[in-house]
Protein chains: 2
Amino acid sequence: MSTTDPGVRRTRTDMRNLLIEAALIEFGCKGFDGASTRAIARRADAHQPQINYHFDSKEALWEAAVDHLFDLLNAALLPPALELHGPERLAASPDDVLGERFADRVRRFVRFAADHPELNRIIVHEATAETDRLRWMVDRHVRPLFEETQEAWTRLQTTGIAAPIDASSAHYMMVGAASLPFVNAPEVRLLAGIEPTDSAWVESHAEGLIAMLLPGRRSSS
Amino acid sequence: MSTTDPGVRRTRTDMRNLLIEAALIEFGCKGFDGASTRAIARRADAHQPQINYHFDSKEALWEAAVDHLFDLLNAALLPPALELHGPERLAASPDDVLGERFADRVRRFVRFAADHPELNRIIVHEATAETDRLRWMVDRHVRPLFEETQEAWTRLQTTGIAAPIDASSAHYMMVGAASLPFVNAPEVRLLAGIEPTDSAWVESHAEGLIAMLLPGRRSSS
DNA sequence: GTCTATAATTAGATAGAC
DNA sequence: GTCTATCTAATTATAGAC
C-alpha cells in the first residue's frame, strides 16, 4: 500500500521514491554542490539522516535520481508500435516515414523537457567540468541517446529532409533549442510574461523546432 | 601599471578584476550556492578575506562579475559602423541588410558563447527559480537584449527571411542552440570527441544556426 | 592592502534510543 | 524505519596585527 498521508508509516520504497523526486528538484535547481541533503529531506517530509539510511551517500542518492530520470526519458521517447494507419501508411515513402519518426522523437523530447526540466538542468550543472559524475552519466545514459540521434540525422541528410548542418552541431542545437525555455522557465515568465509549460506553447515550440530542423519534410497532418 | 607577477604588489583594480574573472568561472561551474569564496580567492592567488575587503559580500561579488560579463557581451555584439562596402552595398535591398545584420548578430553571439561559456552557465543556474538575483539580472541585463531580438525577429518574419516561429520561441531556440555546445563543452569532448571551441567548429556551428533561423536569406558571401 | 586567527553557521555523515 | 543528538569539516564574514 502506497501513501503519503501524515501519520501513516511510509514503506521503504515510498520513502526512497520521495527522496529521489525531491533530490531531482534540488539537484536541478542548485547543482550537486549547492544542493543540501537537509533541503532534500525537508522537501520529502523526512529528516536529514534518512538520506544516509536509504542511500549510501549524497553521491549515491544523486546516481539513483539520475538513473530514475533517464528511465523516465527513455520510456517517454519510445514510439508507438505503428505510427501510420490506413491510406496514409500506403502513400508514405520510406523517407517520409524516417522524417516523421524523427519529428515524433523531437516532439516527445520537447514534451519531456517541459515536464521534467530537471533533466537538462542537471546535465548543464554536471557538464561544466570533466568529473567522475559527468563521465558516469555520459557513458551510462547520454551516449546511447546521442548515437541514436547522430545515426538518424545522417540518414535524414542523405534524403534532403534535414537541414544542412553537421550531426554534432545538430544534436546540441536540437537539445538546446528544445529545452532552454523549460530549463529557464522562471526567466521566461519574467521576460516574456508567458507560461512556457502550457501545453499549447509546448506543442507550438515543438512544431517550430521540427520545422527548423527538417525543412525538407512533407507535412503529414 | 598592471601586473600579476609574483612578489609585485597588485593594484586595487588589478585585484578586483582578478577576483571577478575567477568568480565568473567558479559561479559558472558550481552556481552561486555551490561556489565557495575560498575557491574563488585561490583561483585569483588571493586569500579568502580579500573578497570581503574588495567587495561587500559574496552577493556583491556575484553582481560585479555579472555586470562585467554583460559589459563584455554588449561590446561583442556591437556591429561595425558599416557592414557592406562597394558594389554589394548598392545591390543590397533593405530586407537583405536586415537579414545580414541579424545573421551577423547571431555569429557574434555564437563566438561570445564559445569564448565565455560562463554567461549561459550563470543564466541557467540562476533561472531555475524566481529569486532576487534572477530578477536583478533580467531587469538590468537580459531584458534589453531580449527586446532587441524580439523586434528584429518580428520584422524579419514580415519579409519572409525568418523561419515561421513565434518570437518568444525563436529567442530561446537561438540562445539554446547557440550556447549549449560551449556550456556543455566537457560533455561534447567526451561524447563526440571533438573540441567545440576550435574556431572552425565555432564558425560552422554559427553558419548552421543562421541557416536554420533564416531559411529565406539570400547568401551574401 | 594583505595576512593570520577566529567567530558563527551550516554541511554530510554517524551513534544509539525507540 | 525514524528520530534526536552530535561529530568533523567546510562555509561566509569579521577583527586586528603588520
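Proteins come first, then strands; the chains are lettered A, B, ... in the order of their sequence lines, and each starts at number 1.
Of the candidate nucleotides D:dC3, C:dC3, C:dA13, C:dC3 has the atom lying nearest to any side-chain atom of B:Q50. Nearest nucleotide to the B:S57 side chain, out of C:dG1, D:dA13, D:dT11: D:dA13. Looking at the side chain of B:Y53, the nearest of the listed nucleotides D:dT2, D:dA13, C:dG1 is C:dG1. The side chain of A:P49 approaches C:dA15 more closely than any other nucleotide in the set D:dG1, C:dA15, C:dG12. Checked against D:dT2, D:dA13, C:dT14, the side chain of A:N52 finds its nearest nucleotide in C:dT14. Here D:dT4 is the nucleotide among D:dT4, C:dG1, D:dT14 with the atom lying nearest to any side-chain atom of A:H47. Among C:dT4, D:dT2, C:dA11, the nucleotide with an atom closest to any side-chain atom of A:R38 is C:dA11.
Distance alone, capped at 3.5 Å, is enough to place a donor-acceptor pair between the A:H205 side chain and the A:A177 backbone.
Figure legend: B:R140 and B:F70 shown without cation-pi pairing, the cationic atom not lying both under 6.0 angstrom from the six-membered ring centre and within 45 degrees of its axis.
Side-chain N/O atoms of B:H125 and B:D33 include no donor and acceptor closer than 3.5 Å.
Side chain B:R12 to base C:dG1: no donor-acceptor pair is found below 3.5 Å.
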Got a list of protein N/O to nucleotides 16-18 of chain C N/O distances below 3.5 Å?
none

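The number of heavy atoms from other shown groups lying within 6.0 Å of CG (A:D198) is above 12.
Residue contacts for B:A39: at a heavy-atom cut-off of 4.0 Å it reaches no nucleic acid atom on any strand shown.
Remark: aromatic rings of B:F146 and B:H171 are close, center separation under 6.0 Å.
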